[in-house]
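A note on names: the letters A, B, ... follow the listed sequences, proteins ahead of strands, and every chain is numbered from 1.
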Amino acid sequence: MTKLLEWLLGVSVVAAVWALVSFDLLDLSLPQTYREVAWPMPPYLLVSFGCYSLATVGYRLATFNDCDEAAKELLEQIQEAKVDLKKRGLKM
Amino acid sequence: MATGVDQAVGLSLVVFSLLLFTYYSVWVIVLPFVDNDHLLHKYFLPREYSVILPGVAAVILLLCIGAFTAVIMWKNRKPKKVD
């Protein structure tokens with residue numbers, strides 16, 4: 001089974017369980033509070049995934065290290081390349 | 001370590017997403033189990049809004065992305081050469 005099929009199967013199982021609980025399709029008469037918690041689950045999962053993504057981006061932005069040596073080395077290599085290319089006739 | 005503005009922006013993103021997650025979690029998961037005359041309900045809108053507000057936010061986000069794409073594509077249009 002391909003990954004796509006696996007994901008679609010998983011998503012449809014979860015969606016079926018959610019629909020069963022939220023809309024009481026099997027007339028299970030669950031307590032009202034559980035139904036009230038279940039029905040906003042799709043937007044809740046989306047919002048929490050969005051929050052997780054935002055937090056990850058923010059955390060990695062705050063902890064990304066500057067690489068001073070690599071920056072200097074890169075500038076030197078750019079200078080070398082410019083000199084070399086000028087010698088070979090490239091107009092800059 | 002990342003410097004100045006980067007750290008500030010990153011930290012504010014993390015704090016904002018934590019606050020949003022906590023508020024939304026309390027709204028969706030905790031509130032149904034709390035008695036209707038508890039003080040906590042004062043701080044939260046009716047529960048219908050817990051689905052409507054993210055929906056509105058998603059629509060606005062898609063509109064912004066679409067508008068941005070349209071502006072960029074408009075700026076990059078090249079008039080056809082006439083032979």
Side-chain heavy atoms of Leu61(A) within contact of Leu11(B), under 4.5 Å: no
Would you call Phe44(B) and His41(B) a side-chain contact if the rule is heavy atoms closer than 4.5 Å? no
Select, from Gly55(B), Ser50(B), Ser17(B), the one with the greatest count of heavy-atom pairs under 4.5 Å involving chain A. Ser17(B)
Any residues in residues 22-34 of chain B near chain A, with a heavy-atom distance under 4.5 Å, and which are they? Tyr24(B), Ser25(B), Val28(B), Ile29(B), Pro32(B), Phe33(B)
In the structure I gave you, are the side-chain heavy atoms of Asn76(B) and Ile72(B) within less than 4.5 Å of one another anywhere? yes
Please report the C-alpha distance between Leu53(B) and Leu45(B) in whole Å, then the side-chain angles of each, then the deciding distance to 0.1 Å, and finally whether the side chain to side chain contact (heavy atoms under 4.5 Å, CB included) criterion is met. CA-CA 10 Å; Leu53(B) 285 179; Leu45(B) 291 167; 4.1 Å; yes
Can you check whether anything in residues 58-66 of chain B gets within less than 4.5 Å of chain A, heavy-atom wise, and list it by number? none
Does a side-chain N-to-carboxylate-O contact under 4.0 Å join Glu6(A) and Lys3(A)? yes
Whether Asp84(A) and Arg88(A) form a salt bridge (side-chain N of Lys/Arg under 4.0 Å from carboxylate O of Asp/Glu) is what I want to check. yes
Quick check on the hydrophobic clustering: are Phe21(B) and Leu40(B) connected, directly or via other members, by side-chain heavy-atom contacts under 4.5 Å? yes
Name the region of Val47(A), side chain, backbone, both or neither, that has any atom closer than 4.5 Å to a heavy atom of chain B. side chain
Any chain of hydrophobic side-chain contacts (each under 4.5 Å) joining Tyr52(A) to Leu18(B)? no
Check: Glu36(A) main-chain N/O paired with Arg47(B) side-chain donor or acceptor under 3.5 Å: yes
Taking the six-membered ring of Trp39(A), is NZ or CZ of Arg35(A) closer than 6.0 Å to its centre and within 45° of its axis? no
Using non-hydrogen atoms only, which part of Tyr34(A) is less than 4.5 Å away from chain B: side chain, backbone, both, or neither? side chain
Are the aromatic rings of Phe23(A) and Trp18(A) close, with centres under 6.0 Å apart? yes
